[in-house]
Amino acid sequence: MTSKNKITLIFIVNGVDVLVEANINEPIKVARNQALKDSNNTGRPVDEWEVHNDEGVALDPTKKIEELVLVDGARLFLNLKVGAGGAE
């Protein structure tokens, strides 16, 4: 951690750990987008990806990290939304 407003989140993307330094005052979607970029998962729109905690609960991407009560080293899972990109 470089400051009191920064924590490291561990995103699991396609089975790979991606560490992202995140500002607790920003929405979780900022860190999600960085994790997708860092893992080269840029072929799908970022809004098609959901962030889940280790209990499988989907997190609101517009909520600030601090509001979600995430701590340094929290493990989060990125999964495509059900039906994302499927046939209409």
Side-chain angles (χ1 to χ4, degrees):
M1 286 187 347
T2 57
S3 79
K4 65 179 182 174
N5 291 329
K6 300 266 184 170
I7 62 172
T8 299
L9 298 175
I10 304 166
F11 286 89
I12 294 83
V13 187
N14 297 326
V16 177
D17 288 3
V18 180
L19 278 64
V20 173
E21 186 177 277
N23 184 323
I24 63 171
N25 297 308
E26 292 182 331
I28 190 69
K29 67 181 179 179
V30 174
R32 173 201 64 193
N33 297 353
Q34 187 63 49
L36 290 170
K37 181 180 175 188
D38 291 352
S39 64
N40 295 315
N41 280 283
T42 57
R44 304 292 290 261
V46 293
D47 289 334
E48 289 186 5
W49 293 85
E50 288 182 324
V51 180
H52 295 259
N53 64 16
D54 59 0
E55 296 172 353
V57 176
L59 304 179
D60 181 343
T62 64
K63 288 204 175 196
K64 292 181 181 179
I65 293 168
E66 185 175 46
E67 289 178 76
L68 295 168
V69 195
L70 297 176
V71 297
D72 190 50
R75 295 177 58 83
L76 302 169
F77 298 84
L78 283 179
N79 302 303
L80 283 170
K81 291 179 182 177
V82 174
E88 295 184 25

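- Listed here is the closest heavy atom pair of L78 and A35: CD1-CB, 4.0 Å.
- For D47, the side-chain contact (heavy atoms from CB on, under 4.5 Å) test picks out R32, with sequence neighbours left out.
- Residue-environment remark: CD (E26) exceeds the threshold of 12 foreign heavy atoms within 6.0 Å.
- We find the NZ-CG distance between K6 and N25 to be 10.0 Å, quoted to the nearest 0.5 Å.
- Residues passing the side-chain contact (heavy atoms from CB on, under 4.5 Å) test with N41, sequence neighbours excluded: V13, N14, L36, S39, W49.
- Grouping Ile, Leu, Val, Met, Phe, Trp and Tyr residues whose side-chain heavy atoms lie under 4.5 Å apart, directly or via other members, places F77 in a hydrophobic cluster with I10, I12, L19.
- Side chain of N5 to backbone of I24: no donor-acceptor contact under 3.5 angstrom is found.
- Under the rule for a side-chain contact (heavy atoms from CB on, under 4.5 Å), the partners of K63 that lie at least two apart in sequence or sit in another chain are D60, E67, L68.
- At least one side-chain heavy atom of L59 sits less than 4.5 Å from a side-chain heavy atom of N53.
- Under the side-chain contact (heavy atoms from CB on, under 4.5 Å) criterion, A22 pairs with L9, A31, I65, not counting sequence neighbours.
- With sequence neighbours excluded, the residues satisfying side chain to side chain donor-acceptor pair (under 3.5 Å) with E50 are H52.
- Listed by first and then second residue, the salt bridge (charged side-chain N to carboxylate O under 4.0 Å, His left out) pairs that reach into residues 7-18 are D17-R75, sequence neighbours excluded.
- Hydrophobic clustering (side-chain heavy atoms under 4.5 Å, transitive across Ile, Leu, Val, Met, Phe, Trp, Tyr) keeps V20 apart from V16.
- Taking the salt bridge (charged side-chain N to carboxylate O under 4.0 Å, His left out) definition, one finds that D38 meets it with nothing, sequence neighbours left out.
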